[in-house]
Amino acid sequence: KAGVTQTPRYLIKTRGQQVTLSCSPISGHRSVSWYQQTPGQGLQFLFEYFSETQRNKGNFPGRFSGRQFSNSRSEMNVSTLELGDSALYLCASSWGTSGSYTDTQYFGPGTRLTVL
Amino acid sequence: SQKIEQNSEALNIQEGKTATLTCNYTNYSPAYLQWYRQDPGRGPVFLLLIRENEKEKRKERLKVTFDTTLKQSLFHITASQPADSATYLCALVSGGYNKLIFGAGTRLAVHP
């Protein structure tokens, strides 16, 4: 079974621009979560989508947004990029079993975003 | 304040020995705790999940303990191998669906 894929793998943007990252979950998985990983803050939860609905959200500003499509693929968008947004952005997919607060999370390889 | 802490310093051990990594948490009451492995440039890989009513969980050379009184989980790798060298992250679920709170991770280096 193919794993979680993320595109692009690397991205360089300048301050003020916006960026869209894509995540394709494992076939059959309906939950997609996004995380930001930086050396200073570690892995931090951004948001989680299940069946096209955002079920959970972390403590990030509104510049960070996401969506999920009917085929469970997800995108996240960061507008008005800041230098501090440079990070590895990881998505994780899981079955998203209804009523369960946790599933085994399968992470993708991440998108390395550099903001200049 | 809420915290989840792992040894920030790297752990260096000899091949064949048992590696023990610690995860302590404060002001959480997690029902589950998970351990992940992360290699440089890659996403974390799930290893084990332990529930609050389980004291110990094993998978091959891996063992995890969960002490809700001490608010601590220990992660053991027995008969360690150089291929076990990686960063190990503990995580707990807090605040709803699939919201994992991660520790900073401990880097393990196993020397031949």
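Predicted, not measured: the structure shown is a model, and the values here were computed from it. Below, chains carry the letters A, B, ... as their sequence lines are ordered, and counting in each starts from 1.
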Considering only heavy atoms from C-beta outward, does the side chain of A:Lys57 approach that of B:Lys99 to under 4.5 Å? no
Contact origin within A:Gln37 toward chain B - heavy atom pairs under 4.5 Å: side chain
So does A:Arg15 have more than 12 non-hydrogen atoms from other groups sitting under 6.0 Å from CZ? no
Near-ring test A:Tyr35/B:Phe102, centroid separation under 6.0 angstrom: yes
Is it the case that over 12 heavy atoms from other parts of the model lie below 6.0 angstrom from the CZ atom of B:Arg42? no
Would you find more than 12 non-hydrogen atoms of other residues, nucleotides or ligands less than 6.0 Å from B:Gln14 atom CD? yes
Hydrophobic clusters here meaning ILVMFWY residues chained together by side-chain heavy-atom distances under 4.5 Å, can you tell me if A:Tyr49 and A:Val4 are in one? no
Could you tell me which portion of A:Arg9 (side chain, backbone, both or neither) has an atom closer than 4.5 angstrom to a non-hydrogen atom of chain B? side chain
Does any heavy atom of chain A fall under 4.5 Å from the side chain of B:Leu89, the backbone, both, or neither of them? side chain
Group every Ile, Leu, Val, Met, Phe, Trp and Tyr by side-chain heavy-atom contacts under 4.5 Å, then state whether B:Tyr32 and A:Phe45 land in the same group. yes
Is any side-chain heavy atom of A:Leu90 less than 4.5 Å from a side-chain heavy atom of B:Pro44? yes
Taking everything shown except A:Asn71 itself, do over 12 heavy atoms lie less than 6.0 Å from its CG? yes
Measuring centre to centre across the rings, with the benzene-like ring taken for any Trp, is B:Tyr36 within less than 6.0 Å of A:Phe107? yes
